[in-house]
Amino acid sequence: MSRQDGGTSMYMQSLSDALGEMMEIHIVAHRAQDELPVRHALLHYLPDSWKVWSVRAEYLKLLDTIRPDIVHVNCCWQPCFAYAVLWAKKAGYPVVLSPHGMLEPWIVRRHYWTRKVPSLLAYQRRALFAADVVHATADSEQANIETISRYCPLLSDWHPTVRVIGNGIDTRGIAMKTSWKKSHRLLFLSRVHPKKGVDLLLQAFSKLRTLDGPLHDYVLQIAGEGDSAYLSNLRSLADSLGVGEQAQWLGGVYGDRKWELMREADLLVLPTYSENFGIVVAEALASGTPVLTTKGTPWNVLDTAHCGWCVDVTVDAVRSALCKFADTSEDELQQMGLRGRSLVEENYDARSIAREYVKLYASLCK
């Protein structure tokens, strides 16, 4: 439940806060620095050990003490998640598994032979088959899970029951920006990881940050933690593209500072290769800031709701969308911001999402 773990931890925090008003929630996790505060839930800690069997007794003791109606496991590929499914099933509990995008094509193909295949053969395949329901956060994630044999032959005989429930955020605590006067700032805010497409953004930005370009007076704020070697490579790329001085590397930002950055930016840009949901998109929209993202996310609604742009995962597509943004007036940005806030309130409110989970859990308890 660390802030540094990004979207999944934020999802767990938001969901447990909302669900905890409707039922008794227990979260089993490892201890972490910079832990997110959680209301309406009891936290239980297991040792963070690669020796999975060393925590088995404590995990089973917790199950025997709590006696839950449902065990909901979040994420996969690490042994602890897979065995949490297998041990719970063996103990007689229904299990919901949320892969959080970890079964998306881009992720599965990454290190396929060196990591994914060994994991599947050792434990992950059995865990996927054992789960009663696999939870997807969008229709696109459901489709990829149901056709996973196209890019993962080891799962050609896996036919899971998949249910779609989107991620939610608590809009009650998110203040909207009060001015859409252009600040000449673009914001990337997420974990800095190869799948997030920062390289695409730097290349597209550099093409428009020329003396006579539409973004000639813009800065690019890159907020988020990441591997130091990868961050160094991105800094070198920015320098080689001629935008080293215009790219501001802010590191991890949390709490009030995160919301300030979102409200101050003219546009949030998430040019990701793969994202099962992209909670930062919903957060930016709730702040009244338009969003530019890619079809690596399930956010095609940005175009139809006229609150942003959702484009192909290419440098040219991101560049073209940034040009459209540059031509957008401040009045138009304000209207986009207001529509974005309404979109989130109507479709991604945490309390409405929590009620969908209650229905899913109840269906498995019959």
Side-chain angles (χ1 to χ4, degrees), residues 169 171 174-190 196-223 241 243 246-248 250 258-272 275 278-348:
I169 61 174
T171 56
I174 301 176
M176 276 191 72
K177 64 189 341 176
T178 56
S179 171
W180 283 263
K181 182 177 176 59
K182 289 186 177 181
S183 64
H184 302 280
R185 301 177 198 173
L186 302 179
L187 174 65
F188 169 93
L189 196 159
S190 188
K196 300 292 186 175
V198 180
D199 56 330
L200 295 182
L201 178 54
L202 288 170
Q203 293 176 70
F205 181 66
S206 70
K207 294 176 183 293
L208 304 174
R209 188 55 176 77
T210 57
L211 287 176
D212 58 348
L215 299 180
H216 68 277
D217 54 351
Y218 267 77
V219 296
L220 173 59
Q221 298 179 314
I222 301 171
L241 293 169
V243 292
Q246 292 75 38
Q248 301 177 351
L250 305 182
K258 180 183 84 169
W259 299 113
E260 287 173 4
L261 284 172
M262 284 191 175
R263 288 191 295 268
E264 292 168 358
D266 296 335
L267 181 73
L268 178 102
V269 189
L270 182 67
T272 181
E275 205 80 30
I279 199 165
V280 69
V281 173
E283 291 176 334
L285 294 174
S287 302
T289 299
V291 174
L292 164 56
T293 189
T294 64
K295 294 177 182 176
T297 74
W299 284 96
N300 289 329
V301 68
L302 294 181
D303 292 310
T304 55
H306 305 293
C307 53
W309 297 267
C310 187
V311 301
D312 291 334
V313 193
T314 67
V315 172
D316 284 344
V318 174
R319 180 194 58 78
S320 178
L322 286 174
C323 286
K324 293 177 182 177
F325 154 75
D327 289 336
T328 304
S329 70
E330 293 173 351
D331 286 343
E332 290 173 315
L333 288 177
Q334 179 175 359
Q335 293 307 309
M336 293 175 76
L338 295 173
R339 287 192 291 264
R341 174 75 179 208
S342 295
L343 175 70
V344 173
E345 289 178 337
E346 293 170 9
N347 297 278
Y348 304 104

Check salt bridge (Lys or Arg N to Asp or Glu O under 4.0 Å) between [X] and all other residues, then give those that pass, not counting sequence neighbours.
X: Lys295; result: Asp312
X: Lys177; result: none
X: Glu332; result: none
X: Arg341; result: Glu345

Provide the closest heavy-atom pair for [X] versus [Y] in the form atom of the first, atom of the second, distance.
X: Pro290; Y: Met336; answer: CG-CB, 3.9 Å
X: Ala321; Y: Val311; answer: CB-CG1, 3.8 Å
X: Tyr218; Y: Lys182; answer: OH-CD, 3.7 Å
X: Ile169; Y: Ala286; answer: CD1-CB, 3.9 Å

Nearest-0.5 Å distance that lies between atom [atom1] in [X] and atom [atom2] in [Y]:
X: Leu187; Y: Leu220; atom1: CG; atom2: CG; result: 8.5 Å
X: Asp303; Y: Cys310; atom1: CG; atom2: SG; result: 6.0 Å
X: Asp266; Y: Lys181; atom1: CG; atom2: NZ; result: 10.5 Å
X: Leu261; Y: Leu250; atom1: CG; atom2: CG; result: 6.0 Å

**Q.** All ring-ring contact (aromatic ring centres under 6.0 Å, His included) counterparts of Trp299, not counting sequence neighbours
**A.**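 Residues passing ring-ring contact (aromatic ring centres under 6.0 Å, His included) with Trp299: Phe277, Tyr348.
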Q | Residue pair Val280, Val291: steps toward the side chain to side chain contact (heavy atoms under 4.5 Å, CB included) verdict | A | CA-CA 10 Å; Val280 69; Val291 174; over 6 Å; no
Q) Distance-only, no hydrogens or angles: does the Thr289 side chain make a donor-acceptor pair with backbone N or O of Met262 under 3.5 Å? A) yes
Q) Would a distance-only check, ignoring hydrogens and angles, find a side-chain to backbone donor-acceptor pair under 3.5 Å from Arg339 to Cys307? A)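 Between the backbone of Cys307 and the side chain of Arg339 there is no qualifying donor-acceptor contact (under 3.5 Å).
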Q | Intermediate values then yes/no, side chain to side chain contact (heavy atoms under 4.5 Å, CB included), Leu302 and Leu285 | A | CA-CA 10 Å; Leu302 294 181; Leu285 294 174; 3.7 Å; yes
Residue pair [X] / [Y], side-chain heavy-atom distance below 4.5 Å:
X: Leu292; Y: Phe325; answer: no
X: Leu343; Y: Val301; answer: yes
X: Leu270; Y: Ser190; answer: yes
X: Arg319; Y: Leu208; answer: yes
X: Pro214; Y: Asp327; answer: no
X: Trp309; Y: Ser320; answer: no
X: Gln248; Y: Arg185; answer: no
X: Leu268; Y: Glu283; answer: no

Q) Partners of Val315 by side chain to side chain contact (heavy atoms under 4.5 Å, CB included), sequence neighbours excluded? A) Leu200, Gln203, Ala204, Lys207
Q: Tell me, with the steps shown, if Leu322 and Leu215 meet side chain to side chain contact (heavy atoms under 4.5 Å, CB included).
A: CA-CA 8 Å; Leu322 286 174; Leu215 299 180; 4.2 Å; yes
Q | Evaluation steps, side chain to side chain contact (heavy atoms under 4.5 Å, CB included), between Leu338 and Trp180 | A | CA-CA 11 Å; Leu338 295 173; Trp180 283 263; 4.3 Å; yes
